[in-house]
2 protein chains.
Amino acid sequence: MSYHHGDLRSALLAASFELLAEGGLAKFSVAAVARRLGVSSAAPYRHFPDRAHLLSAVSAVAARDLRAAILADPAGGLLAVAGAYVRSVVRTGAGFPVIFAAELYAVPDDERREHTRALISTLLELAPGPTHTEAFRQVEATIAVAQGYVTLYCEGFFDSRSVPVDDLVARAVEAARALTQPGRTPQGTA
Amino acid sequence: MSYHHGDLRSALLAASFELLAEGGLAKFSVAAVARRLGVSSAAPYRHFPDRAHLLSAVSAVAARDLRAAILADPAGGLLAVAGAYVRSVVRTGAGFPVIFAAELYAVPDDERREHTRALISTLLELAPGPTHTEAFRQVEATIAVAQGYVTLYCEGFFDSRSVPVDDLVARAVEAARALTQPGRTPQGTA
DNA sequence: GTCTATAGAACGATAGAC
DNA sequence: GTCTATCGTTCTATAGAC
C-alpha cells in the first residue's frame, strides 16, 4: 500500500456510492470502501470518526444531489420527483432508506440535517396541495411508488438487462401521474 | 443450554420471521435465530444445510401465506393485493425482497419455486388486464407502491407510533386504486 | 438431535511507526 | 495522513461428544 490521494475524503464518498449502487447498505462497510480505493482499512478513520459519520456524510451528499436532480427535471412537480428519484437512486444506491437510515438518527451532523431538511421542504413545495396535510400525503405516495420500483429493480425482480433504467423511470412517472390525477375520489378502504 | 423442542424446524422459521420483521434481512443471521430460540448456533444446521436453505424455506412460507392473505381479502383484485401485501409484510418482514432475494436464485428448492410461482400466477389473475402485458404492468405498479410504503415504514420514515398499520394499509390501497382507475391516458413521460 | 468447541473470515475500531 | 499490526466481535460452518 502506498496510496497518496489529494482528497481521500471525497474519494471515500464516491466509493461509498459505488458500493451502495452495487449492493445496497448490506454490502456497505468501511473496510470495503477502503479496499476499493486501495488504502488501508484504518485510513477512513482519519476523515470520519466512525462508520456512522461516514454514512451521514453520504446521506448529506445524496440528499443534496437528489434535490438538485428533482429541481433540474423538466417534468416538474411530483412527476419530476418520481422520475429524478428513480434515476438518481438506481445510479447512486442512496435513496430514502439511506438518506434517512435509522442508524443515522442519533448522529449529530448539522450538514446532513440541513440537506435533508431542504430536500423535504422542496418535495412539499412541489406537491399541488391544496392543504399541507394533503401535500404531505401526495409526496408520501409519490416517493413510495418511486422507492418501490427502485427496490424491486435493485433486488433483481426485474430483469435488469431487459428493462433499461429509462423504462423503469417511465413506469414510475406514469404511476405517479395516476396518483395525483384530479377527479378521483379519495375515500376509505371499504 | 438444554433445549429440547418438538419441532425445531418450525420454530426456526417462526423465529426467522420475527427477526425479519424487527430488523429486515440486515439483522437476519442463523446465529441470531438460534440465539432467539435458546439453542446452540449449530442446531439449525441439523434442519437446514446452510443459511441459504433456511432463507429459502422462509421464502416459501412467506409466498404461501401472502397468497392466502391476498385471496382472503374482501377487497378483491389489485386492491386486495396492495392491502394484504402491506399488512402481511409489515408483520412478517418477508416481502418480495425476501421472497425473491437474489441470494436465493441459485438455491434449488422445489417447494419454494412452486409457492412463488403460484403467488405470481395469482397476482396476474387478479389484474384486470386486458392484455397479459398490461396485467403484468398493473401488478408491477401495485406491488411497487405497496412495497414502497412498507420500505419507508420499516426504515422509520413514518413515525411508527403515530401511524398505525391500518392507516398505512389504507394509504397503500388508496394509491393502488388510483393506479388502476380507468379513464386515465397512459402515455409517455413527456 | 442437540450440545460444546472451534476454525476461518469479515468487520469496526485503535495504537503506534513513519 | 497513511501505514502496519492487532484486538474484540459476529458470523458461517464443521467436528465430535452425548
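Every chain is numbered from 1, with letters handed out A, B, ... down the list of sequences.
- Atom CG in L55(B) sits roughly 11 Å away from atom P in dA13(D) (whole-Å rounding).
- Between the CG atom of L25(A) and the P atom of dG12(C) there is a distance of 12 Å, given to the nearest Å.
- Looking at R51(A) and E103(A), a side-chain N of the basic residue comes within less than 4.0 Å of a carboxylate O on the acidic one, giving a salt bridge.
- For Y45(B) and dT14(D), the OH to C1' distance is 10 Å, given to the nearest whole Å.
- Atom NE2 of H53(B) is separated from atom P of dA13(D) by 11 Å (rounded to the nearest Å).
- Side-chain contact, T151(A) with Q147(A): a donor N or O sits under 3.5 Å from an acceptor N or O.
- Rounded to whole Å, atom P of dG1(D) lies 10 Å from atom CG of L8(A).
- Spacing between atom CG of L54(A) and atom P of dC11(C) amounts to 14 Å, rounded to whole angstrom units.
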For residues 57-64 of chain A, which side-chain donor-acceptor pairs fall under 3.5 Å, sequence neighbours excluded?
| from | atom 1 | to | atom 2 | distance (Å) |
| --- | --- | --- | --- | --- |
| S59(A) | OG | I99(A) | O | 2.8 |

Give me the distances for all protein-to-nucleotides 8-11 of chain D N/O pairs that come in under 3.5 Å?
| from | atom 1 | to | atom 2 | distance (Å) |
| --- | --- | --- | --- | --- |
| dC11(D) | OP2 | R35(B) | NH2 | 2.4 |

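- Nearest to the side-chain atoms of R46(A) among the listed nucleotides dT2(D), dA13(C), dA13(D) stands dT2(D).
- A salt bridge is absent between D7(A) and R9(A): the closest approach of a Lys/Arg side-chain nitrogen to an acidic carboxylate oxygen does not fall below 4.0 angstrom.
- Counting only heavy atoms from C-beta on, A42(B) has its side chain closest to dT14(D) among dT14(D), dT2(C), dA5(D).
- With sequence neighbours left out, F17(B) forms a ring pair (Phe, Tyr, Trp, His ring centres under 6.0 Å) with no residue at all.
- Taking the charged nitrogens against the carboxylate oxygens, R87(B) and D73(B) have no contact shorter than 4.0 Å, which rules out a salt bridge.
- The distance from atom CG of L37(B) to atom P of dG1(C) is 16 Å, rounded to the nearest whole Å.
- A salt bridge links R117(A) to E114(A): at least one charged side-chain nitrogen sits closer than 4.0 Å to a carboxylate oxygen.
- Distances from the side chain of V39(A) to the nucleotides dC3(D), dT2(C), dT14(D) place dC3(D) closest.
- Computed from coordinates, the D7(B) CG to dG1(C) C1' distance equals 12 Å when rounded to whole Å.
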